Structure formats: C-alpha cells, structure tokens
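The structure under discussion appears below in the form of structure tokens.
Remember, it's a predicted structure, so these values are computed and weren't measured experimentally.
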Amino acid sequence: MIVSTATARTRVPDADVCVVGAGPAGLALAARLSERGRSVLLLESGLDRPDLRTQRLNRGTVVGHPTWRLDRSRLRAVGGSGQVWGGWCRALDAEDLRPRAWLPGSGWPLSAADLDPYLAPARSLLGLPAEPPHLEPGVDDDAFATAAGMDVVGYEFSPLRHSVGSHALGARPADDGVVLLQGATVVAMEALGTRRRIDRLVVATADGAHLVVRPRLLVLATGGIENARLLLVAGLGNEHDLVGRYFMDHVHAHVGLLALDEDRSRSPLFAALRHDRRGGGAAWGPALAGSPATRRADRLLAAAFTLTAAPHTYGQPYLALPVRLRLLVDDVARRNALAGRTELVPADLHPHDRRVVRRLIRHHEELQRARFTRGRGRLGLTDAADVRALYVRGEQAPNPDSRVRLDRRRDAHGVPRASLDWQVTDVDRASVEGWVDHVAHAAADSPGIRLLRDPAWQRSIVGGPHHMGTTRMATDPRDGVVDADARVHTVDNLYVAGSSVFPTGGYTNPTLPLVMLALRLADHLADHYVGQPQG
C-alpha cells in the first residue's frame with residue numbers, strides 16, 4: 001500500500017476502483033481487490049490518528065430519540081470508527097436475512113449461502129482464528145435457555161479492537177495495488193449527461209486545494225451516516241425518496257437486575273452464561289439470544305441478553321466526553337491496549353483533562369449506583385448478595401421515518417451537515433419486553449435466581465452506536481437504494497459498502513457482517529466490471 005497525504009501538488013493516480021472511506025469496509029474492499037490484481041485509489045478524509053479539525057466535519061444535529069452526538073459516535077481517520085471499536089464479532093444468523101411476513105421491510109435479497117464463503121476471510125482480516133469456538137454441551141443451562149425460548153450463543157472479541165487501521169486491516173505487503181490518499185475529503189460527486197454515471201469527484205485537501213478524481217467505478221464506504229449524506233448532497237439514488245431512510249441502531253439498555261443464589265452452581269442462568277463454556281478460539285463472551293422458532297412464533301425482533309456487573313457503566317463512556325478530550329483518551333487507550341494495560345483514565349493525560357474525564361465518568365457511575373441501590377432495596381437484598389444486571393441488545397424494526405436528512409448548517413467545506421432523526425418505536429420496545437417475559441418465566445421456575453424487572457428501562461435506551469440501513473439493499477428500486485450487489489439502482493458505476501446497506505440488523509454488532517459484504521462486493525467488481533469498457 002502506498003500512503004500519501006493529499007495536497008495541491010498531488011497527482012491523482014488512475015485506478016480500476018475508487019473507494020471513499022478507509023474504515024473496516026473500505027480497507028477490506030481494497031485488500032480483496034488488490035489480492036485479485038486490481039488497482040485501488042482509497043480516499044480517506046482523516047489521517048492515521050484523529051485530529052480535531054477533521055473530526056469537526058462529522059458535526060451534525062440529532063433529533064428524535066436522544067443518542068450520541070454525530071461527531072462523537074464516529075471517527076474520521078484510517079480505520080474509521082474501527083479505531084474505537086470494542087472488537088465484538090458475530091455473523092448474522094440465517095434467520096436475520098429471511099423475510100418475515102409480519103414485519104414490513106424485512107428480508108434481504110441475499111441468503112446465508114451467499115455470505116457464507118466470506119466468513120473465513122473476514123475472520124482472518126479481523127484477526128480471529130479460522131474456526132469460531134464451539135460451545136461445550138450443558139444440561140441445566142441448556143434447559144434454562146430452552147425454557148426461555150432462547151439459545152446460548154457467543155460473541156468473539158477481535159484482537160484488533162481499538163486498532164483497526166492501515167497497519168492492522170488490509171495493509172499486507174501484497175497490497176501494492178492500493179494507493180491510500182489521506183486528508184482527502186470528498187465534497188461533491190458529479191453525474192453529468194444522463195446522470196447514470198459518476199463522472200467526477202471533487203476532493204478537498206487539508207491545505208485548501210481541490211482535486212478532481214474521475215472514477216471508473218466508485219464505492220462509498222463512509223459509514224451509515226456519511227454514505228447517505230454524500231448521496232443526498234449529490235441528489236443521486238433518491239428517485240424514490242429512500243436515501244437516508246430506515247436508519248437503524250441496536251436498542252441497548254439495562255432491563256433489570258438478577259439476584260443469584262450464594263451457590264452459583266445452582267443457578268442455571270449463570271451456568272448458561274459462564275465464560276468457560278467453549279472450546280478453543282479467541283477471547284469470547286456468552287449471551288442468551290432469542291431462538292428463531294420463538295421469534296417466528298411470538299413475532300419478536302432479534303435480541304440477545306448478557307449479564308454484566310451491577311452497577312454497570314455503559315461500555316463506551318468516552319462517547320460522553322467532549323471531542324477534544326475524547327481524542328486524547330482514544331489515543332492513549334489505544335496505546336494502552338497494545339501494551340496490555342486497561343486503565344480507563346490514562347495516566348498521561350494533562351492533569352486538568354484527567355480531572356474532567358474522571359469527573360464525568362464518576363458522575364455517570366454515581367447515577368448508575370443510585371439506581372442499582374434502589375433496586376437492591378426493592379429486592380430485599382443484603383450487600384453480600386450476588387447481583388448482576390441484565391443487559392439487552394435488540395434489533396429495530398425497519399422504519400422509514402427513522403432517517404438521515406441534510407441540515408441547514410454547513411461544514412468547513414460548505415457541505416450541508418447531516419441531521420439524524422433516530423426513532424425507537426413501540427414495536428422495538430414491545431419486542432424487548434416480550435423477551436424479558438421469556439427470561440422472567442424461565443427464572444421463576446429455576447432455582448437460585450430472582451429477577452427484578454426495571455419498569456423504567458426505556459429511559460436508559462441508547463444506541464450502539466451501530467449506524468445501519470440508510471442505503472438499504474433491495475431487489476426492487478422502490479424498496480431500496482442499492483441492489484443485491486450493492487450497486488445504486490440508478491447509477492451504473494456507483495456502489496455502497498458498509499452497514500448502511502443492511503435491510504435489517506439482527507442483534508449482533510455489524511462489523512463482521514459488513515466486512516463479509518465488502519469482500520463479496522470486491523469479488524463482484526473484480527469478476528464482472530473491472531477491466532471492461534465503462535459506459
């Protein structure tokens with residue numbers, strides 16, 4: 001990979017494919033295309049590490065259900081938001097891809113068989129072993145899961161968490177056909193004539209210059225917010241008013257507290273979620289996920305539950321920090337992770353910044369602790385009781401009113417900012433409640449468990465932040481922005497990579513599935529288009 005920084009003197013190289021965005025999807029796409037002998041121009045707005053000026057380009061407005069600020073929930077840098085990714089990996093279930101008659105907008109134009117060939121190479125890119133760990137058989141624990149209408153599943157944790165970048169994903173020596181141009185922000189996409197082709201990109205550089213790129217094939221891989229924003233600014237692919245619609249995240253929330261018997265061995269739920277219930281594999285974490293049969297029978301969206309320490313601070317407290325402090329924390333946390341250290345507040349922050357960070361985190365933990373203490377009192381528990389929080393990650397129903405629009409305010413390059421209207425619907429909430437009912441019924445018939453449901457759990461709903469669905473995939477252009485091969489229906493040489501193409505999101509984190517889709521797209525481009533006459 002050849003890496004350079006875009007300036008007024010930059011000569012834009014010719015390439016078979018131009019990819020915008022060097023996050024996990026863009027890097028995986030570039031790596032695969034290079035392996036197939038194709039040349040790639042990879043444009044990245046940021047540099048190796050986030051900087052405040054570039055990060056400000058992610059500013060936008062948030063309306064609807066409260067969620068993370070747009071400049072705090074994603075990064076402009078090589079590796080994209082993979083630089084602060086927690087490493088959670090799990091493929092989508094076959095059930096996630098199937099249409100559900102009771103759920104409008106569900107169903108992918110792909111099946112599990114279409115994606116399965118890309119699981120092993122995607123695992124390799126993300127630093128996972130060739131085979132996922134297998135679950136050792138249980139007795140009482142499996143009985144509990146069955147009684148709850150659920151399955152015991154596992155998440156793996158990539159060793160590349162917090163470090164997905166140019167030296168971690170897709171940058172092997174063989175990738176000599178990739179030119180990575182950093183500090184290159186696409187500010188316009190122009191389709192002239194019939195508007196069936198992207199004829200040129202206007203790219204702003206850090207020194208204020210503008211470059212012109214004339215792509216043969218163009219792939220947008222800038223994330224669930226930015227992919228939609230670029231298409232909306234250009235007025236492309238939106239003939240049916242679908243660009244930016246169907247925005248989805250995962251519903252994250254604490255739904256209650258579980259008191260476990262003093263003898264944990266008597267608790268089938270604890271046994272079901274024990275961390276040693278596996279054979280081989282990378283770092284691993286268990287979960288209870290709604291079984292496909294129960295999903296169909298009860299018309300419930302996908303969901304998975306984990307047990308966490310209580311009180312539990314949401315796993316990404318840096319999302320609440322001001323951007324300047326967050327970038328400092330991210331950089332030090334990354335170096336700490338590589339060195340095997342895990343402290344939350346880095347010791348080498350400036351003393352003033354360290355005090356501010358500690359104060360913000362302490363305030364959040366105090367709120368959680370007070371809530372937890374009230375719950376213990378209602379349970380009549382002593383301080384010695386073993387209590388865990390029940391944490392859900394739930395799927396959202398496709399909803400055209402949950403969307404990304406353009407804001408009236410503009411960024412430093414004069415491009416309209418994004419405005420996110422995230423909607424959490426009654427269907428989303430009722431589905432979580434339905435799964436909690438299943439857990440509660442199974443717990444009531446099991447020794448060693450008491451479940452206290454939190455009637456106010458909906459107040460704690462937050463997003464992943466997993467930005468999905470804004471350029472959804474569908475066979476019919478009246479139902480989606482891209483087709484099954486991720487090509488924008490109405491633009492011959494324009495494709496989209498990443499979780500913005502997901503029609504539904506399941507319950508799993510989107511990184512592994514989106515890398516699988518990126519590899520599939522790379523093979524499609526290499527096999528069918530690259531090297532052929534265009535237009």
What's the verdict on side chain to side chain contact (heavy atoms under 4.5 Å, CB included) for V515 and L125, showing C-alpha distance, side-chain angles and the deciding distance? CA-CA 9 Å; V515 170; L125 281 177; 4.2 Å; yes
Side-chain heavy atoms of L525 within contact of V17, under 4.5 Å: yes
Interatomic distance, L128 atom CG to E156 atom CD [nearest 0.5 angstrom]: 5.0 Å
The criterion is ring pair (Phe, Tyr, Trp, His ring centres under 6.0 Å); which residues satisfy it with H250, sequence neighbours excluded? H466
Is the side chain of S431 donor-acceptor paired with the backbone N or O of L301 at a distance under 3.5 Å, no angle test? yes
Distance-minimising heavy-atom pair for A30 and V178: O-CG2, 3.7 Å
According to side chain to side chain contact (heavy atoms under 4.5 Å, CB included), who are the partners of A120, at least two apart in sequence or on a separate chain? none
Sidechain-backbone polar pair: S106 side chain, L103 backbone, donor-acceptor under 3.5 Å: yes
Closer than 3.5 angstrom, by distance alone: can the side chain of T10 be matched with the main-chain N or O of V12 as a donor-acceptor pair? no
Any chance you could lay out the salt bridge (charged side-chain N to carboxylate O under 4.0 Å, His left out) test for R196 and D492, step after step, and finish with the verdict? CA-CA 6 Å; R196 292 286 309 185; D492 295 337; 2.7 Å; yes
In this structure, CG of D71 is separated from CD1 of I225 (nearest 0.5 Å) by 12.0 Å
With sequence neighbours excluded, what pairs up with E95 under the side chain to side chain donor-acceptor pair (under 3.5 Å) test? R98, R296
Does any donor atom in the side chain of D428 or Q396 lie under 3.5 Å from an acceptor atom in the other side chain? yes
Can you tell me if Q182 uses its side chain to pair, donor with acceptor, with the backbone of V78 under 3.5 Å? no
Please determine which of T504, D96, T475 meets the side-chain hydrogen bond (donor to acceptor under 3.5 Å, both in side chains) test together with W108. T504
Pair E190-I198, side chain to side chain contact (heavy atoms under 4.5 Å, CB included): steps then yes or no: CA-CA 6 Å; E190 298 178 356; I198 299 295; over 6 Å; no
Kindly state each residue pair satisfying salt bridge (Lys or Arg N to Asp or Glu O under 4.0 Å) with at least one member in residues 217-238, sequence neighbours excluded. R74-E226, R76-E226, E226-R229, R229-D411
Closest contact, heavy atoms only, L512 versus A122: CD1-CB, 3.7 Å
Carboxylate-amine/guanidinium proximity below 4.0 Å for D426 and R429: yes
Take L42 and V179, measure what side chain to side chain contact (heavy atoms under 4.5 Å, CB included) needs, and give me the verdict at the end. CA-CA 6 Å; L42 185 55; V179 175; over 6 Å; no
Residues forming a side chain to side chain donor-acceptor pair (under 3.5 Å) with N227, sequence neighbours excluded: T222, S500
For the student: nearest non-hydrogen atoms of D483 and D485, plus distance: OD1-N, 2.8 Å
Of all residues at least two apart in sequence or in a different chain, which pass the side chain to side chain contact (heavy atoms under 4.5 Å, CB included) check with R299? W102
Locate the shortest heavy-atom distance separating R520 from A484; write the atom from each residue and the value. NH1-O, 2.9 Å
If only side-chain N and O atoms count, and only distance matters, is there a donor-acceptor pair under 3.5 Å linking D16 with S39? yes
Checking salt bridge (charged side-chain N to carboxylate O under 4.0 Å, His left out) for the pair R214/D14: CA distance, chi angles, key distance, verdict? CA-CA 8 Å; R214 301 184 186 278; D14 192 23; over 6 Å; no
Sequence neighbours left out, what passes side chain to side chain contact (heavy atoms under 4.5 Å, CB included) with P416? Give chain and number order. V233, L406, R410
Do T67 and L420 have side chains that get closer than 4.5 Å, going by heavy atoms? yes
Do side-chain atoms of Q423 reach the backbone of T425 as a donor and acceptor pair under 3.5 angstrom? no
Could you walk me through whether V187 and V203 pass the side chain to side chain contact (heavy atoms under 4.5 Å, CB included) check? CA-CA 6 Å; V187 296; V203 179; over 6 Å; no
Counting C-beta onward and ignoring hydrogens, is there a side-chain heavy-atom pair between Q55 and N58 closer than 4.5 Å? yes
Tell me if the CZ atom of R53 is crowded by more than 12 foreign heavy atoms within 6.0 Å. no
If the condition is side chain to side chain donor-acceptor pair (under 3.5 Å), which residues does Y495 pass it with, not counting sequence neighbours? none
What's the separation between atom CG in L514 and atom CG in L29, rounded to the nearest 0.5 Å? 11.5 Å
Restricting to pairs with a member in residues 105-117, which pass salt bridge (Lys or Arg N to Asp or Glu O under 4.0 Å), not counting sequence neighbours? none
Just verifying a value: how many Å separate S402 OG and H65 NE2, rounded to the nearest 0.5 Å? 11.0 Å
Restricting to non-hydrogen atoms, name the atom on H467 and the atom on S73 that form the minimum distance, rounded to 0.1 Å. CE1-OG, 3.4 Å
Would D93 and R295 pass as an ion pair if we require N to O under 4.0 Å? yes
Using side chain to side chain contact (heavy atoms under 4.5 Å, CB included) as the criterion, point out the one residue from T61, V404, V62, V63 that pairs with D421. V63
Closest heavy-atom pair, A25 versus A518, reported as atoms and distance to 0.1 Å, is O-CB, 3.6 Å
Side chain to side chain contact (heavy atoms under 4.5 Å, CB included) involving A234 - partner list, sequence neighbours excluded: M189, L236
Atom pair CZ/CG of R38 and L217 - distance to nearest 0.5 Å: 10.5 Å
Give the table of side-chain donor-acceptor pairs shorter than 3.5 Å for residues 239-248, with sequence neighbours excluded, one pair per line with atom names and distance.
{"unit_1": "E239", "atom_1": "OE1", "unit_2": "T490", "atom_2": "OG1", "d": "3.1"}
{"unit_1": "E239", "atom_1": "OE2", "unit_2": "T490", "atom_2": "OG1", "d": "3.2"}
{"unit_1": "D241", "atom_1": "OD2", "unit_2": "R245", "atom_2": "NE", "d": "3.4"}
{"unit_1": "D241", "atom_1": "OD2", "unit_2": "R245", "atom_2": "NH2", "d": "2.8"}
{"unit_1": "R245", "atom_1": "NE", "unit_2": "D241", "atom_2": "O", "d": "2.8"}
{"unit_1": "R245", "atom_1": "NH1", "unit_2": "P400", "atom_2": "O", "d": "3.0"}

For T511, what residues pass the side chain to side chain donor-acceptor pair (under 3.5 Å) criterion, not counting sequence neighbours? W85
Do N509 and Y155 have side-chain N/O donor and acceptor atoms under 3.5 Å apart? no
